[in-house]
Amino acid sequence: MRHALIHPRTLGYLGRALSLELSAVQQYMTQASLAEAWGLREAATRLREETVEEMKHAERIIQRMLVLGVAPNASQLRPAGVARNLADLLRQDAVFESEIVALYQEAATFCRRVGDQANGDFFQALLEEEAEHAREIEDWLASLGVPRHRDPAERVYF
């Protein structure tokens, strides 16, 4: 499949996905350094593991774009989220992961609707992995005694 055969909206999803994944790398890397500075070594290690997972997602998106004949281009990185404590960092991460999950849900649905099963499957795999990350962050927050809070407008995918 080449660029000319790909729906422009699918290309837009790939570009947004790359931007979000690289933003997540920056965020988790920054937060790992903060946690280390606070003396929270286990949290720092865990956040570094998240950094690696997000880098792998970014790499998969880049590979996908190259296979499709598109030059990878992350249009905009978000500033890293910083806070005064681990719980606040994780709250930011939960919101960020929910945005990524929503993007992948929308992209997978769109691709399937236009008959692009291959890209639909690609986004679905990323969706499942990011949904798991979101659950892990929610569980981590719960282990810190932070109650689970769901915005009534927030979509639930699993």
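- Listed here is the closest heavy atom pair of Leu86 and Ala43: CD2-CB, 3.9 Å.
- For the residue pair His133/Glu130, the side-chain donor-acceptor check at 3.5 Å is satisfied.
- Shortest non-hydrogen contact noted between Ala80 and Thr30 is CB-OG1, 3.5 Å.
- Using bins of under 30°, 30° to 60° and over 60° for the plane-to-plane angle, the ring pair Tyr13/Phe110 lands in the tilted bin.
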**Request:** Check the pair Glu21 / Arg60 against side-chain contact (heavy atoms from CB on, under 4.5 Å), numbers first and verdict last.
**Result:** CA-CA 10 Å; Glu21 294 292 354; Arg60 284 170 47 199; over 6 Å; no
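- One distance of note links CZ of Phe122 with OG1 of Thr10; it measures 11.5 Å at 0.5 Å rounding.
- Both Trp140 and Tyr28 are part of a single hydrophobic cluster, where members link through side-chain heavy atoms under 4.5 Å apart.
- Atom CG of Leu40 is separated from atom OG1 of Thr45 by 10.5 Å, given to the nearest 0.5 angstrom.
- Neither Ile137 nor Met55 shares a network with the other; the hydrophobic side chains, linked directly or stepwise wherever heavy atoms of I, L, V, M, F, W or Y lie under 4.5 Å apart, form separate groups for each.
- With respect to the salt-bridge test (charged N to carboxylate O, under 4.0 angstrom), the residues Glu99 and Arg78 qualify.
- Tracing side-chain contacts under 4.5 Å through hydrophobic residues (I, L, V, M, F, W, Y), one reaches Leu141 starting from Trp38; they form part of the same cluster.
- Between Ile62 and Leu18 the shortest side-chain heavy-atom distance falls below 4.5 Å.
- Minimum interatomic distance between Glu97 and Ala134 (heavy atoms only, all atoms of both residues): CB-CB, 4.0 Å.
- Between Asp88 and Ala83, the closest heavy-atom pair is CB-CB, 3.5 Å.
- The CG atom of Leu20 lies 10.0 Å from the CD atom of Glu54; values are rounded to the nearest 0.5 Å.
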**side-chain contact (heavy atoms from CB on, under 4.5 Å) between Gln27 and Glu50, intermediate numbers included** = CA-CA 10 Å; Gln27 177 155 321; Glu50 288 295 328; over 6 Å; no
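- Rounded to the nearest 0.5 Å, atoms CD (Gln31) and CG (Leu90) are 7.0 Å apart.
- Using a 4.5 Å cut-off between side-chain heavy atoms of Ile, Leu, Val, Met, Phe, Trp and Tyr, with links allowed through other members, Ile100 and Val25 fall into different hydrophobic clusters.
- Here Arg112 contributes atom CZ and Asn119 contributes atom CG; the two are 10.5 Å apart, rounded to the nearest 0.5 Å.
- Taking all atoms of both residues into account, the shortest heavy-atom contact from Ala58 to Leu22 is CB-CD2, 3.8 Å.
- At least one side-chain heavy atom of Leu66 sits under 4.5 Å from a side-chain heavy atom of Pro72.
- With respect to Lys56 and Glu129, no salt bridge is recorded, no charged nitrogen being found less than 4.0 Å from a carboxylate O.
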**Request:** Please test Glu138 against Arg135 for salt bridge (charged side-chain N to carboxylate O under 4.0 Å, His left out), starting from the C-alpha separation and ending with a verdict.
**Result:** CA-CA 5 Å; Glu138 289 287 339; Arg135 280 190 292 270; over 6 Å; no
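- Side-chain contact annotation: Asp121 with Gln117, donor-acceptor N/O pair under 3.5 Å present.
- Each of Val114, Val70, Leu11, Leu14 was checked for a side chain to side chain contact (heavy atoms under 4.5 Å, CB included) with Ile6, and the lone residue meeting it is Leu11.
- Judged by distance alone, the side chains of Gln105 and Thr109 do bring a donor and an acceptor atom under 3.5 Å apart.
- The hydrophobic clustering, which links ILVMFWY residues whose side-chain heavy atoms are closer than 4.5 Å, places Leu144 and Val82 together.
- Atoms CD and CD, from Glu136 and Glu53 in turn, are 8.5 Å apart once rounded to the nearest 0.5 Å.
- For the residue pair Gln76 and Ser23, the shortest heavy atom distance occurs at O-OG, 4.0 Å.
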